[in-house]
Amino acid sequence: MDFFLCVIGMVMIVEGLPYFTFPDRMKEMMARVLELPDQTLRIFGFTLMFLGLILTYIGRSYFK
(Lines give C-alpha, C1' and ligand atoms only; values in the text may rest on other atoms or scores of the structure.)
Protein backbone atom coordinates (compact mmCIF):
# COMPACT_ATOMS: atom_id res chain seq x y z
CA MET A 1 0.00 0.00 0.00
CA ASP A 2 2.87 2.39 0.71
CA PHE A 3 4.20 1.90 -2.85
CA PHE A 4 0.73 2.64 -4.26
CA LEU A 5 0.45 5.85 -2.25
CA CYS A 6 3.92 6.87 -3.38
CA VAL A 7 2.98 6.33 -7.02
CA ILE A 8 -0.28 8.28 -6.63
CA GLY A 9 1.66 11.11 -5.00
CA MET A 10 4.17 11.22 -7.84
CA VAL A 11 1.37 11.24 -10.42
CA MET A 12 -0.26 14.16 -8.62
CA ILE A 13 3.03 16.08 -8.65
CA VAL A 14 3.56 15.48 -12.37
CA GLU A 15 -0.07 16.33 -13.17
CA GLY A 16 -0.01 19.53 -11.11
CA LEU A 17 3.29 20.87 -12.39
CA PRO A 18 2.00 22.34 -15.70
CA TYR A 19 -0.89 24.08 -13.92
CA PHE A 20 1.53 25.62 -11.43
CA THR A 21 4.16 26.70 -13.94
CA PHE A 22 2.03 27.70 -16.96
CA PRO A 23 -1.55 28.46 -15.84
CA ASP A 24 -2.38 30.64 -18.87
CA ARG A 25 -1.20 28.02 -21.36
CA MET A 26 -3.11 25.32 -19.52
CA LYS A 27 -6.32 27.35 -19.86
CA GLU A 28 -5.69 27.67 -23.60
CA MET A 29 -5.00 23.95 -23.88
CA MET A 30 -8.20 23.08 -21.97
CA ALA A 31 -10.20 25.25 -24.37
CA ARG A 32 -8.69 23.31 -27.28
CA VAL A 33 -9.45 19.97 -25.60
CA LEU A 34 -13.11 20.96 -25.28
CA GLU A 35 -13.25 21.38 -29.06
CA LEU A 36 -11.90 17.87 -29.80
CA PRO A 37 -14.31 15.13 -30.84
CA ASP A 38 -15.13 12.46 -28.25
CA GLN A 39 -13.55 9.72 -30.36
CA THR A 40 -10.21 11.54 -30.44
CA LEU A 41 -10.24 11.90 -26.65
CA ARG A 42 -11.10 8.21 -26.24
CA ILE A 43 -8.22 7.15 -28.48
CA PHE A 44 -5.83 9.46 -26.64
CA GLY A 45 -7.02 8.19 -23.25
CA PHE A 46 -6.75 4.55 -24.30
CA THR A 47 -3.25 5.12 -25.66
CA LEU A 48 -2.13 6.72 -22.40
CA MET A 49 -3.63 3.88 -20.35
CA PHE A 50 -1.97 1.27 -22.56
CA LEU A 51 1.43 2.99 -22.35
CA GLY A 52 1.03 3.27 -18.57
CA LEU A 53 0.26 -0.44 -18.37
CA ILE A 54 3.35 -1.28 -20.43
CA LEU A 55 5.57 0.98 -18.30
CA THR A 56 4.20 -0.57 -15.13
CA TYR A 57 4.84 -4.06 -16.47
CA ILE A 58 8.39 -3.16 -17.45
CA GLY A 59 9.06 -1.49 -14.13
CA ARG A 60 7.69 -4.38 -12.10
CA SER A 61 9.25 -7.13 -14.23
CA TYR A 62 12.73 -5.88 -15.01
CA PHE A 63 13.62 -3.56 -12.13
CA LYS A 64 13.00 -5.68 -9.04
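When reading the values below, keep in mind they use all heavy atoms of this one structure, side chains included, and skip hydrogens, waters and symmetry mates. Along the sequence shown, residues are numbered consecutively beginning with 1.
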>> Test question: given the 4.5 Å side-chain rule for I, L, V, M, F, W and Y, name all other residues clustered with L48, or answer none.
In response: F44
> Can you list the other members of the hydrophobic cluster that holds M10, where links are side-chain heavy atoms under 4.5 angstrom apart?
Replying inline: I13
>> The criterion is side chain to side chain contact (heavy atoms under 4.5 Å, CB included); which residues satisfy it with Y57, sequence neighbours excluded?
In response: S61
> Can you name the nearest heavy-atom pair linking V14 to P18, along with the distance?
Replying inline: O-CD, 3.3 Å
> Looking at residues at least two apart in the chain, or sitting in another chain, which of them share a side chain to side chain contact (heavy atoms under 4.5 Å, CB included) with T47?
Replying inline: I43, L51
>> Holding to side chain to side chain contact (heavy atoms under 4.5 Å, CB included), I want the full list of residues that pass it with I58, two or more places apart in sequence or in another chain.
In response: I54, Y62, F63
>> Going by the rule side chain to side chain contact (heavy atoms under 4.5 Å, CB included), which residues pair with Y19 if we only count those two or more places apart in sequence or in a different chain?
In response: M26, M30
> Is it the case that one hydrophobic cluster holds both V11 and F20, taking links as side-chain heavy atoms less than 4.5 Å apart, direct or via other members?
Replying inline: no
